Amino acid sequence: MPPRAPTGTRDLLWPESWRFEEAAARFRALVEPAGYGLIQSPVFEYSWVFRRGIGEENDVVGKEMYEFADRDGQMLALRPEGTASVVRAYLQHRPGLPWKAWYLAPLLRHERPQAARYRQHHQLGIEALGVADADLDVEVIWVAHAYFATLGLADYSLRIGSMGDAACRPAYLVDVRAFFEAHRGELCDEHRERFRANPMRVFDCKRPECRAVTSAAPKLVDHLCVECAAHFARVREGLGSLGVAFEIDPRLVRGFDYYTRTTFEFASGAIEAAQNALCGGGRYDGLVEMLGGPPTPGVGFGMGIERVLVACDGEGVFRVDPPALDAFVVDVAGGDAARAITARLRKAGLASDRAFDGRSMKAQMKLADRSGAAVALIVGPAESAAGTVLVRPLRSGGDQEPVPIAAVVDAVRDAVAGASGRGAPGQSSPGEGAPGREGRR
RNA sequence: GUGGGCGUAGCUCAGUUGGUUAGAGCGCCAGGUUGUGGCCCUGGAGGUCGGGGGUUCAAGUCCCCUCGCUCACCCCA
């Protein structure tokens, strides 16, 4: 048996890896001009950073976190989610507020893998600290929405809710607990006792018993304090004014303890698998304090790149291919020319590759063809003696022509310009792959 | 952590009631084309049939265990 990547992880090979990077590049192109700066933080933290932020009761901390003592006995954990790390970095460096950051980070959780779920996945995210204004909630949600639009996604829905805050949630929790207590017998086996620890979980349960009970239960969105209700209203108005469609979901319960007020989730309708959440986020006005800082509001989201790409496949959009090579050098006259010419082309900024090992011309031409290059540059004994190169178009009709070595760069540029007149490589073109679909090897 | 499905060449898969040297297509390499790719033709390389144990004269085919993949639950992106 050949070696394998660990369970739940995978290798992304070219050209899929290019598409992944391109998706990230588009996110960056959207978010940086909106005032978000990239933050790179470590893939592991002291365990308490996540334990305090996410909550000990949560499965992500309780049974999914990769946690270990290092050689010095420090308890460390591989990052299972993005927000806590960013907030820890904020507290360490204290950049001026408001602080808006974006990230692309691998996240690790020891889950049982299934369709669109991995032990290592990657999230694009933004976090904004120091602003309580509901308009920032709107901006954050809008960013995710706008990003989907740049990819061409259309089949998705946005649900929003509110978790209240310290002023209204505790009183509400007393009410629901009492309600569930009264209807305890009607809850499913799992939640008959568990509702005491975390009553909000019951709203998330998919079993019909629980759903029947929760549909009649008091809803947090109906019991918000004046401030939270006003905040929630303003978020709804803001989204409406930007034309972002949403629905209010009183059952929307985000799993992490740090959420307050606004919560939201985007789900795709184009993912066949059970896991169709593309992006989840919300406001976390208490998190900075939980990690030992001063009261500081925050909002953000995390978006799973793998799932976004599955959604793109489902909708048949964002079908991008890496740019093809410009030239491939075929040398059957010893190899000196191949070395010199590829160097010359690359110095001039032309994408080029060549064959090695002194293979036959037929073999080299095959490689040239597979490389997707616009032209093959052929050097045989005759060309070598004459100081010329045969420029042979590969993707379009046209005859091959001898060109003096000094003019090779210009000749390739001309050939490439002629060949790419009908749509440059790397563009999104639904239904049809760009030239060079096979990619480089 | 729980449950279902599946593991035969690099890839996608055949393989009859267990029966001789395990096949195909694609891909790869070489030749047909003594200097030219994509099409076609010919040939070649490549397999501990996931691994271990058992039943049997005989196991890719049956039984057990194990590992892995996959889908779903829990939870999450």
Side-chain angles (χ1 to χ4, degrees), chain A residues 1-10 13 54-55 57-65 80-83 104-125 144 156 188-191 194 198 201 204-207 253-256 264-268 271-281 301-311 328-333 355 357 359-385 390-397 399-400 435 438 441:
Chain A
M1 274 282 94
R4 296 189 122 281
T7 298
T9 68
R10 58 177 192 160
L13 271 48
I54 300 173
E57 298 302 317
N58 191 281
D59 279 0
V60 169
V61 160
K63 56 184 215 188
E64 294 173 359
M65 198 156 72
E81 67 94 37
T83 305
L104 161 57
L107 266 39
L108 300 110
R109 297 177 198 164
H110 188 107
E111 301 182 277
R112 209 50 194 278
Q114 70 186 68
R117 162 197 273 167
Y118 305 92
R119 285 191 176 172
Q120 172 172 337
H121 77 284
H122 302 261
Q123 286 188 14
L124 290 164
Y156 60 86
C188 78
D189 297 344
E190 198 185 328
H191 292 286
R194 266 215 334 179
N198 193 347
R201 271 271 154 275
D204 227 12
C205 184
K206 286 168 192 148
R207 292 177 177 282
V253 175
R254 306 248 85 230
F256 301 145
F264 62 92
E265 183 173 306
F266 286 86
S268 171
I271 295 181
E272 295 296 324
Q275 308 304 327
N276 65 353
L278 298 175
C279 172
F301 69 68
M303 175 155 40
I305 301 182
E306 286 83 355
R307 282 191 194 168
V308 167
L309 291 177
V310 170
F328 192 96
V329 182
V330 171
D331 181 347
V332 285
D357 287 334
R359 301 241 258 153
S360 71
M361 177 174 278
K362 180 169 179 156
Q364 293 194 39
M365 285 302 294
K366 267 188 145 167
L367 292 177
D369 185 49
R370 272 185 245 147
S371 76
V375 298
L377 301 179
I378 305 170
V379 180
E383 290 73 24
S384 184
L390 278 180
V391 179
R392 178 181 175 83
L394 293 174
R395 327 303 306 172
S396 60
D399 296 326
Q400 59 187 26
E438 327 257 345
R441 319 288 313 250

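By convention in this document, chain letters (A, B, ...) are assigned in the order of the sequence lines, proteins followed by strands, and residues within each chain are numbered from 1. Below, all heavy atoms of this structure are taken into account, side chains as well, without hydrogens, waters or symmetry copies. On a predicted model such as this, the values are computed, not experimentally measured, just so you know.
Residues satisfying the ring pair (Phe, Tyr, Trp, His ring centres under 6.0 Å) test with Y156(A), not counting sequence neighbours, are F148(A), F266(A). Scanning for side chain to side chain contact (heavy atoms under 4.5 Å, CB included) contacts around P106(A) gives V43(A), R79(A), Q120(A), H122(A), with sequence neighbours left out. Among residues two or more places apart in sequence or in another chain, the salt bridge (charged side-chain N to carboxylate O under 4.0 Å, His left out) test is passed with K63(A) by D59(A). Applying the side-chain hydrogen bond (donor to acceptor under 3.5 Å, both in side chains) rule to Q364(A) yields no partners; only residues at least two apart in sequence or on another chain are considered. With sequence neighbours excluded, the residues forming a salt bridge (charged side-chain N to carboxylate O under 4.0 Å, His left out) with R117(A) are E111(A), listed by chain and number. Here V60(A) pairs with I54(A), N58(A), E64(A), P80(A), R109(A), F256(A) under the side chain to side chain contact (heavy atoms under 4.5 Å, CB included) rule; sequence neighbours left out. With sequence neighbours left out, the side-chain hydrogen bond (donor to acceptor under 3.5 Å, both in side chains) criterion links E265(A) to R159(A), R254(A). For Q400(A), the side chain to side chain contact (heavy atoms under 4.5 Å, CB included) test picks out I378(A), L390(A), R392(A), with sequence neighbours left out.
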So which protein N/O to nucleotides 29-36 of chain B N/O distances come out below 3.5 Å?
residue: rC29(B); atom: OP1; partner: R359(A); partner atom: NH2; Å: 3.3
residue: rC29(B); atom: OP2; partner: R370(A); partner atom: NH2; Å: 3.0
residue: rA30(B); atom: OP1; partner: R359(A); partner atom: NH1; Å: 3.2
residue: rG32(B); atom: N7; partner: K362(A); partner atom: NZ; Å: 3.4
residue: rG32(B); atom: O6; partner: K362(A); partner atom: NZ; Å: 3.2
residue: rG35(B); atom: N1; partner: E383(A); partner atom: OE1; Å: 2.7
residue: rG35(B); atom: N1; partner: E383(A); partner atom: OE2; Å: 3.1
residue: rG35(B); atom: N2; partner: G380(A); partner atom: N; Å: 2.8
residue: rG35(B); atom: N2; partner: E383(A); partner atom: OE1; Å: 2.8
residue: rU36(B); atom: O2; partner: R392(A); partner atom: NE; Å: 3.0
residue: rU36(B); atom: O2; partner: R392(A); partner atom: NH1; Å: 3.3
residue: rU36(B); atom: O2; partner: Q400(A); partner atom: OE1; Å: 3.3
residue: rU36(B); atom: N3; partner: Q400(A); partner atom: OE1; Å: 2.9
residue: rU36(B); atom: N3; partner: Q400(A); partner atom: NE2; Å: 3.0
residue: rU36(B); atom: O4; partner: Q400(A); partner atom: NE2; Å: 2.6

Pairs: protein N or O with nucleotides 5-11 of chain B N or O, under 3.5 Å:
none

I'd like a table of atom pairs between the protein and nucleotides 45-49 of chain B - only N or O on both sides, under 3.5 Å - with the distance next to each one.
residue: rU48(B); atom: O4; partner: M1(A); partner atom: N; Å: 2.8

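For RNA chain B, each stem of at least three Watson-Crick or G-U pairs (distances under 3.5 Å) is given as range with range: B:1-7 with B:67-73, B:10-13 with B:23-26, B:28-32 with B:40-44, B:50-54 with B:62-66.
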